[in-house]
Each structure stands twice: as structure tokens, then as C-alpha cells.
Protein chains: 2
Amino acid sequence: MKINSEVIARTALRLLDDVGLDGLTMRLIAQDLGVRAPTLYWHIKNKQELLDAMATLVYVEAAERLEPPRDGSSWEDWLADWARHLRQAMLSHRDGARVLAGTYVNHETVHRAVELNLRTLRDAGFTLSEAARGFPAVLHYTIGHTIEEQAHTSAAYGDDNPYAPERLAAMIDAERFPLTAQASGDLLGMDGDVGFEYGLRLVVLGLRAAREERERG
Amino acid sequence: MKINSEVIARTALRLLDDVGLDGLTMRLIAQDLGVRAPTLYWHIKNKQELLDAMATLVYVEAAERLEPPRDGSSWEDWLADWARHLRQAMLSHRDGARVLAGTYVNHETVHRAVELNLRTLRDAGFTLSEAARGFPAVLHYTIGHTIEEQAHTSAAYGDDNPYAPERLAAMIDAERFPLTAQASGDLLGMDGDVGFEYGLRLVVLGLRAAREERERG
DNA sequence: GAATGCCCCTAACGGTGTTAGGGTGTCAAG
DNA sequence: CTTGACACCCTAACACCGTTAGGGGCATTC
């Protein structure tokens with residue numbers, strides 16, 4: 001296959017799943033493409049630019065399946081679905097959240113997604129300003145949650161992951177931290193879909209409450 | 001000064017502000033301590049463990065100034081203050097959010113903070129389960145927001161930061177993305193305290209709304 | 001047929017985290 | 001007082017990293 005910057009990024013993204021972010025080297029990517037490392041620099045400026053391109057791909061993966069809300073579907077469901085798509089895109093690649101976090105993606109598909117967010121919220125009765133300040137909160141929550149979740153389940157620690165639930169639960173001193181011990185089930189279950197959905201609901205409820213508060217004056 | 005793992009972490013955290021996470025090398029830290037790099041390995045297992053220790057210090061920095069809510073202060077204010085403390089701790093070090101993100105900190109001060117969160121929310125009328133699922137959402141939002149903010153203002157790009165607000169605003173096609181263009185001020189102003197406070201308020205409002213929804217049955 | 005420019009190569013540079021193995025000083029036990 | 005153990009630091013070196021310099025083949029264009 002002909003090599004260009006996008007092919008490199010796609011290859012890197014595929015290799016990422018095998019070796020993780022720390023194991024992703026230029027030499028490895030080049031080898032997979034049947035080429036030597038310096039060749040990559042003909043197509044891309046440096047590794048940071050490659051990481052940006054990878055982040056863009058992940059982001060686009062989430063944004064491109066985004067459609068205007070169908071009739072009858074609420075803005076709450078639509079917004080939550082957008083967050084779920086983004087989360088799924090990150091989860092579908094090892095260290096996906098770390099790759100995405102802190103990369104301001106600039107791509108047409110993403111602009112479209114932003115525009116769609118604004119329009120959907122405004123059509124639902126939000127002011128444009130509320131929409132513009134509100135939906136990034138959903139985004140930031142989603143990124144924050146997923147980066148933590150992916151870190152806890154990371155394979156970086158090998159077999160003896162110090163964040164294994166049973167290990168953490170055993171560490172809590174029930175005398176000094178009774179509520180923590182009592183709620184350890186809920187606390188440790190925060191990773192995964194259930195925990196994500198709970199927080200996501202909170203943010204969406206917050207959006208609705210903020211609008212109602214304004215409407216009441 | 002006598003060298004031990006905590007002194008190493010403090011030194012590393014101080015150097016971090018000068019050189020950034022990518023510039024933080026074992027040799028540099030050792031030099032600052034008047035010692036050679038391999039010596040560090042007598043005190044710590046590897047660099048990852050050092051980064052964990054640094055993250056713990058930042059986290060503790062935010063948690064140790066945490067006190068039970070004074071009489072007359074609402075749970076909303078208390079919870080928001082806790083988020084602000086955490087954010088300030090991250091912002092007070094270059095790349096602080098990146099260091100903290102994805103490091104499950106295990107330290108007494110943090111356990112105390114968790115317990116205090118649970119107690120405060122429960123005393124305010126939340127069920128323990130609501131508290132245990134709710135406050136991580138605040139935490140995740142805070143981390144997500146701060147990591148993005150710090151990435152955008154990062155010096156990693158040198159003088160030609162592609163995320164400079166005026167550069168981004170100019171990039172938007174007002175014909176195809178009218179709402180985005182119109183709201184660009186609000187969108188780009190999401191970084192900084194104003195944007196953070198807006199989202200933080202949303203999450204807190206969401207918590208309240210979730211409780212009220214339960215109470216109504 | 002010459003020249004241009006794309007695309008890949010080899011070689012190498014300066015740096016990284018980390019390990020191996022050896023020294024020196026302190027301090028307790030015999 | 002001697003001996004040994006142990007804490008703590010060292011030098012040397014390994015394997016690997018991102019990246020640059022410079023050169024060569026090969027197609028397309030004048």
C-alpha cells in the first residue's frame with residue numbers, strides 16, 4: 001500500500017492495541033509498513049504530529065456516525081449518545097483516552113459534530129451560549145472518566161496490578177473510614193459502563209436544571 | 001539533604017515546572033540532588049513509581065487543606081471548593097494534570113478526603129450510594145477539564161501554538177458552521193476559570209437534581 | 001537526454017531508562 | 001580491635017529511542 005500520513009496513523013493506531021502507547025516506536029511502525037524509520041519523516045514532521053493524527057482518527061471515528069436527532073428522540077438521549085460514542089471510540093483502542101486527551105483535534109467531521117451539538121441544544125430551548133458552554137462539560141467529563149478507567153485497567157503494571165479491586169478494598173481501614181469501607185462496592189464499581197452512565201446522567205440533569213433556573217429568572 | 005523517595009519526588013515536581021514532563025529525566029533529577037542517575041534506583045523502583053509518587057504529592061496538596069464544612073456553608077459550596085482545590089493543585093505544576101491523570105493515588109490524606117466527601121454528602125441528604133457514585137463525577141469532570149486546558153496552553157508547541165484562540169477562530173467556516181462561528185467566543189473561552197466554573201456548576205446542579213428526582217420517587 | 005523531485009535507504013548523533021558490579025563509609029557483633 | 005554486614009553512591013555500559021544528514025534509484029517532465 002502507498003504510504004502517506006494517514007496510512008501511517010492508521011497503522012500506528014492498529015499497533016497501539018498490541019504494544020500500548022509506551023511501546024509504540026517509530027521503528028516499529030516503520031517495520032509494519034515494510035520500511036525503515038527515517039522514511040516516516042518524509043511523510044510526517046515528527047512523532048507529536050503523528051500522535052495528533054491518531055487522535056484525530058479516533059475522534060472522527062466517534063463523530064462520523066453522528067446524525068441529527070431523529071424526531072421523537074430527546075436532546076438528553078442525543079447528547080448522552082454522543083458522549084457514549086466518544087467513550088466507545090476511546091475504549092476501542094488501548095490507551096485511547098491518553099492519546100486523545102489534550103489534543104485539540106481540527107477536522108471537518110469534528111466541526112460538524114460541534115455544530116450539530118450546538119444546533120441540537122439550541123433547538124431544544126437552550127441559548128446558544130448555554131449550549132456552547134454546556135456541551136464541553138459533557139466532553140470533559142467523558143474524557144476524565146475514560147482516562148481514569150483505562151488507566152486502572154491498564155496492562156502497564158503487568159500481572160500485579162495494584163489497582164485490582166480486591167486489593168484496594170482490603171486496604172481500607174474500616175475503623176477510620178467507615179463510610180468509605182461501606183461504600184467500597186459503589187466506589188470501585190465506578191469504572192465501567194455503570195459508573196460512566198451515572199455521572200453522564202448527572203451532567204445532563206445539570207444542563208436541564210441550569211436551563212430551568214434561567215427560565216425561572 | 002538526605003535522599004529518600006519523597007525527597008526525590010519533591011525535587012522532580014519542582015523541576016517539572018521548569019522543563020515539563022517530557023524534559024524530566026532521571027539524570028536531571030539526579031543532578032539537582034548532587035548525585036548520579038543510577039543512584040536514584042537505590043531509592044525507587046523505576047520512573048513510573050516516581051511519577052506515581054509525584055502524583056500523590058499533588059493530590060495530597062489538594063486534599064490536606066480540606067476541612068469539614070463549616071456550619072452554614074452548603075454542600076454545594078463545599079463540593080465545589082474541593083474541586084477547585086484539586087484543580088489548583090494541578091494547575092500549580094506544569095503538566096500537573098497529565099501527571100495526575102490515571103494515577104490511582106493511595107495515601108492516607110486522600111482516603112480522608114474520600115471519607116469527608118461521603119460524609120458531607122450523606123449529611124446533606126444524599127444516600128451513601130448516591131454520594132459514592134456522585135462525587136467521582138465531579139472529580140472526573142475536574143480532571144478532564146484541567147487536562148484539556150493545560151494541554152492547550154502547553155509550551156510544547158513552542159512559539160507557534162496551533163491552538164492559539166485567534167488562530168482557531170479564523171479557521172472556522174462561518175458558512176457551513178454558523179452556530180460554531182457565532183459561539184466561538186464562548187467555545188474558546190471554555191479554558192480558564194470561567195469555563196471550569198460553568199461546568200462545575202452543571203455537575204453540582206445535576207447532583208441536586210438527581211437527589212430531588214429520587215425524593216419525589 | 002537532462003533535470004527535477006519523490007521516496008526510500010544507510011549511518012550516525014545525542015539522548016533516554018535501566019542494570020551490573022564495584023567501591024567506601026558506618027555501625028554492630030564477636 | 002577486628003570483622004562483617006549493610007546502606008549508599010559510583011562508573012561503565014546496554015539496548016533502545018527520536019531525529020538528522022546525506023546519498024541513491026526511479027519516474028515524470030522539459
Side-chain angles (χ1 to χ4, degrees), chain A residues 1-55 94-95 98-99 102-103 151 154-160 162, chain B residues 1-55 94-95 98-99 102-103 151 154-160 162:
Chain A
M1 192 192 331
K2 206 87 179 65
I3 290 180
N4 59 44
S5 63
E6 190 185 326
V7 169
I8 295 176
R10 302 208 106 91
T11 304
L13 217 43
R14 178 165 41 78
L15 290 173
L16 182 66
D17 296 338
D18 290 336
V19 298
L21 190 52
D22 294 337
L24 191 70
T25 69
M26 300 300 273
R27 284 172 173 87
L28 181 70
I29 299 165
Q31 189 184 35
D32 196 88
L33 287 164
V35 112
R36 310 290 186 141
T39 298
L40 299 179
Y41 286 84
W42 175 260
H43 303 278
I44 61 170
K45 207 169 90 229
N46 51 41
K47 192 178 184 179
Q48 185 55 54
E49 191 180 285
L50 170 58
L51 290 171
D52 286 359
M54 292 166 65
R94 164 128 82 123
D95 295 327
R98 260 171 81 200
V99 171
T103 309
S154 160
Y157 291 93
D159 292 337
D160 56 333
Chain B
M1 194 193 326
K2 206 87 178 65
I3 291 180
N4 59 44
S5 64
E6 190 186 323
V7 168
I8 295 175
R10 301 208 104 93
T11 303
L13 215 44
R14 178 165 41 79
L15 290 173
L16 181 67
D17 295 338
D18 290 335
V19 299
L21 190 53
D22 294 339
L24 190 71
T25 70
M26 299 301 274
R27 284 170 174 84
L28 181 71
I29 299 165
Q31 189 185 35
D32 196 271
L33 288 164
V35 111
R36 311 288 187 146
T39 298
L40 299 179
Y41 287 84
W42 203 88
H43 302 278
I44 60 170
K45 207 168 90 230
N46 52 40
K47 193 177 183 180
Q48 184 56 51
E49 191 181 284
L50 170 58
L51 290 172
D52 286 358
M54 292 167 64
R94 166 127 81 122
D95 295 328
R98 259 171 82 201
V99 171
T103 309
S154 161
Y157 290 93
D159 293 335
D160 56 331

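Sorted by first then second residue, the side chain to side chain donor-acceptor pair (under 3.5 Å) pairs that include residues 4-18 of chain B, not counting sequence neighbours, are B:E6-B:R10, B:R14-B:D32.
Distance check, rounded to the nearest 0.5 Å: CG of B:L51 to CG of B:L16 gives 9.0 Å. Atoms CG and CG, on A:L28 and A:L33 in that order, are 9.5 Å from each other to the nearest 0.5 Å. Note: B:M54 CE to B:K47 NZ = 8.5 Å, rounded to the nearest 0.5 Å. From A:T103, atom OG1 reaches atom CD of A:Q48 across 6.5 Å, with rounding to the nearest 0.5 Å. Atom CG of residue A:L24 and atom CD1 of residue A:I29 lie 4.0 Å apart, to the nearest 0.5 angstrom.
Of all nucleotides in DNA chain D, those with any atom nearer than 4.0 Å to a heavy atom of chain B start and finish, going 5' to 3', at D:dA7 to D:dA13.
A straight line from CG of B:D22 to P of C:dG17 spans 11 Å, rounded to a whole angstrom. For the pair A:W42 CH2 and C:dC9 P, the interatomic distance rounds to 14 Å; values are reported in whole Å. B:L24 has its CG atom 16 Å from the P atom of C:dG15, to the nearest Å. C:dC8 atom P lies 9 Å from atom CG of A:L40, rounded to whole Å.
A sub-4.0 Å separation between OP1 or OP2 of C:dC9 and a side-chain N or O of A:T39 is present. Dashed line: the shortest gap from a side-chain N or O of A:H43 to OP1 or OP2 of C:dC6 is not under 4.0 Å.
Against DNA chain D, the stretch residues 25-38 of chain B makes heavy-atom approaches under 4.0 Å through B:R27, B:V35, B:R36, B:P38.
Taking a cutoff of 4.0 Å between a charged side-chain nitrogen and a carboxylate oxygen, B:R98 and B:D22 qualify as a salt bridge.
Of the residues B:I44, B:I8, B:T39, B:N46, the one that meets the side-chain contact (heavy atoms from CB on, under 4.5 Å) test with B:M26 is B:I44.
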